[in-house]
Participant: 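This is the structure I want to talk about, given as structure tokens.
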Amino acid sequence: MIQDYRIHINYTFQAVTLYCEYKSALGQKIKHQITVSEVMFNKGFSLIGDMLDKHTGAFDFIEDGVEFLVDYGGPDYQPVVNILVVKGEEVASLAIPEDECRAFLATLNL
């Protein structure tokens, strides 16, 4: 179970980095981040909002050679949005519990 979840976003010149950190069920601190263009970030999180509203399971898209893959699922008590970003040989991922993802989406003007 994911505990003490925090999301931080950093905008730089035409790029967005999303950081998340949380504690695992075993008490380990876990940190992940993804960096994508602002256009990809806005499109991805807009689609994530639609996905959560419709309770659908997954989507992906590619822009400028970067692949953005999302799936949604997990245990009923804490469903999770998993995001995977693939840039050539580089892979970055993060997981956001549904409740935290909805709260985060509410702060964005998408």
Participant: Looking at CG of Asp60 and CD1 of Ile83, how far apart are the two atoms once the value is rounded to the nearest 0.5 Å?
Facilitator: 13.0 Å
Participant: Side-chain contact, heavy-atom cut-off 4.5 Å: Val70 with Leu47?
Facilitator: no
Participant: Please name the pair of heavy atoms, one in Ala92 and one in Gln33, separated by the smallest distance, quoted to 0.1 Å.
Facilitator: CB-O, 3.6 Å
Participant: Using 0.5 Å steps for rounding, measure from the NZ atom of Lys54 to the OH atom of Tyr72.
Facilitator: 14.0 Å
Participant: Sequence neighbours left out, cut at 3.5 Å: what donor-acceptor pairs do the side chains of residues 100-110 make with other protein atoms?
Facilitator:
unit_1, atom_1, unit_2, atom_2, d
Arg102, NE, Glu98, OE2, 3.1
Arg102, NH1, Asp53, OD1, 3.3
Arg102, NH2, Leu52, O, 2.9
Arg102, NH2, Glu98, OE2, 3.1
Thr107, OG1, Phe104, O, 2.6

Participant: If hydrophobic clusters are built by linking Ile, Leu, Val, Met, Phe, Trp and Tyr wherever their side-chain heavy atoms come under 4.5 Å apart, do Leu94 and Val86 end up in the same one?
Facilitator: no
Participant: Would Phe41 end up clustered with Leu69 when hydrophobic side chains under 4.5 Å apart are linked, directly or stepwise?
Facilitator: no
Participant: Do His32 and Tyr22 make a side-chain contact, defined as non-hydrogen atoms from C-beta onward lying under 4.5 Å apart?
Facilitator: yes
Participant: Does Ile48 belong to the same Ile/Leu/Val/Met/Phe/Trp/Tyr cluster as Phe61, with side-chain heavy atoms less than 4.5 Å apart forming each link?
Facilitator: yes
Participant: Just wondering, do Leu84 and Asn82 contact through their side chains at under 4.5 Å, heavy atoms?
Facilitator: no
Participant: Find the distance between CZ (Arg6) and NZ (Lys23) and round it off to the nearest 0.5 Å.
Facilitator: 8.0 Å
Participant: So if I apply the side chain to side chain contact (heavy atoms under 4.5 Å, CB included) rule between Lys87 and each of Ile34, Asp64, Thr35, which one comes out positive?
Facilitator: Thr35
Participant: Please report the closest heavy-atom contact between Ala95 and Cys20, naming both atoms and the distance.
Facilitator: O-SG, 4.2 Å
Participant: Would you say Val66 ends up clustered with Phe45 if hydrophobic residues are merged whenever their side chains have heavy atoms under 4.5 Å apart, either directly or through other cluster members?
Facilitator: yes
Participant: Do the side chains of Tyr5 and Ile9 join up, straight or via other hydrophobic residues, at under 4.5 Å, putting them in one cluster?
Facilitator: yes
